[in-house]
Protein chains: 2
Amino acid sequence: MDGTGRTLTAAELADLLRTAIVSGELVPNQRLVEGDLAAEYGASRGNIRVALSELSVEGLVERVQNRGARVRSVSVEEAVEITEVRAALEALCARKAAERATDSDITELQDLATRMKDAVDRGDRESYSEGNQAVHEKIIAMSAQKTAASTIQRLRGQAVRFQFRLARQPGRPAVSLPQHLAIIDAVCAHDADAAAEAMRVHLESVADAIRASNK
Amino acid sequence: MDGTGRTLTAAELADLLRTAIVSGELVPNQRLVEGDLAAEYGASRGNIRVALSELSVEGLVERVQNRGARVRSVSVEEAVEITEVRAALEALCARKAAERATDSDITELQDLATRMKDAVDRGDRESYSEGNQAVHEKIIAMSAQKTAASTIQRLRGQAVRFQFRLARQPGRPAVSLPQHLAIIDAVCAHDADAAAEAMRVHLESVADAIRASNK
DNA sequence: GTTGCCAATTTTGCTGACAATTTTCCGGAT
DNA sequence: ATCCGGAAAATTGTCAGCAAAATTGGCAAC
């Protein structure tokens, strides 16, 4: 099944399942029967079990005593909460990024800014979405905050479905592009307070959009 | 061993081990040999294994392939990062708490304020420390943000050792009491911005103290 | 005294089988 | 037709044992 010939370890299974859930291959509320997964991935049930335990701690899977596991279904209210937490954390990262930005960081961010502008002009939603994500990742990387970075990543995994839905909304780029440009400007100007506030405003607007679109 | 006669489940073992680590019973870098733990708790090695996996995702335990698990040792730099993340998250909670505070919440917080003032006057460090923690918990509860709450709790578990060390520093209450009173005032006045900022300032000062005390 | 190597021991990673629990399904009574 | 009880099936929870990897200790060579 996996082409390597050898059986999969618990860690590898956790990665595979995480990817399957985040990518939407496994849909919310879908039951995750240990025996079935073991057969599908050609792994032992024991390893499937520990993988599910780990994903449950990560918040991607919900387990009930003696009743098995299922893909956790995140409600709109929870998605809003998650985005608000992300707003607080990424604002922190933006602040640190503004403080620590090197010249090469700045040129890279500005390059991203022009590429995003072009993508919106061309109506290339795919490119814009990639740039969008790249900006967030770059700023998180610049902040060099490992704790914040891993927490944000975990939360993003939980709410990815809503992010995705939002990105496909017409007119959304027109709202978020100037926000992203403001973030980039503040970070490049080493203005920590403005960077944090711009990031917070941006993600709060995402939270509002989630509230509105699924109410 | 546990008095119930029955063997312990994986979930119970995770709780026991978590408590043992957070309470300091198991010290940082201490090796966690699966067989030994199984014997000590009267559990099977398989369940110990699952518990260690979960605690590893929580960040309390460090696992290396084929080399076992040990209690994660949090460096000063990490403790500072963790506290900065807490600052961002608890500031969010303080903001929400200020928006949602009911009359009974307010009287409860003001009661805590007077008790903390009394404790400092009497030099009763124990009472002050309890009140301190109660304020943070109350505000988190008032915010009704489940995502933020669980994230904060997980982070606190990782950095509890440093919090503890700090609380025992002479003169620390004199610094933190006015900060706590400012937080309580802002929340009770329904001033969301001020509450968030007061909380952020408070925990940033904790971060500074950690930086200074262990540099 | 130090270094390098090899066997013995320890410890982890994994699997299959067994026990306990929950769910499903079916026959009968109302 | 509906509801109830109980056996059968499905599924989860647990355990003990085996294989693989790492660590340890001893022994010889330099």
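Per chain, numbering begins at 1; letters A, B, ... match sequence-line order. Here the structure is a predicted model, which is why all the values come from computation and not from measurement.
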- Query: Can we say B/E108 and B/K138 salt-bridge, meaning some charged N sits less than 4.0 Å from an Asp/Glu carboxylate O?
  - Reply: yes
- Any chance the side chains of B/S56 and B/R72 put a donor and an acceptor closer than 3.5 Å? no
N/O to N/O distances under 3.5 Å, protein versus nucleotides 11-13 of chain D:
from, atom 1, to, atom 2, distance (Å)
D/dT12, OP2, A/E34, N, 3.1
D/dG13, OP1, A/N66, N, 3.1
D/dG13, OP2, A/R49, NH1, 2.7
D/dG13, OP2, A/R49, NH2, 3.1
D/dG13, O5', A/R49, NH2, 3.3
D/dG13, N7, A/R45, NH2, 3.3
D/dG13, O6, A/R45, NH2, 2.6

- Report yes or no: is the cationic atom of A/R165 (NZ for Lys, CZ for Arg) under 6.0 Å from the centre of the six-membered ring of A/F162, at an angle within 45° of the ring normal? yes
- Item | Presence of A/T7 side-chain N/O under 4.0 Å of C/dC14 phosphate oxygens OP1/OP2 | no
- Item | Intermediate values then yes/no, side-chain hydrogen bond (donor to acceptor under 3.5 Å, both in side chains), A/H190 and A/E99 | CA-CA 6 Å; A/H190 298 285; A/E99 289 169 3; over 6 Å; no
- Task: Mind checking salt bridge (charged side-chain N to carboxylate O under 4.0 Å, His left out) for B/R172 and listing every partner two or more places apart, or none if nothing turns up?
- Result: none
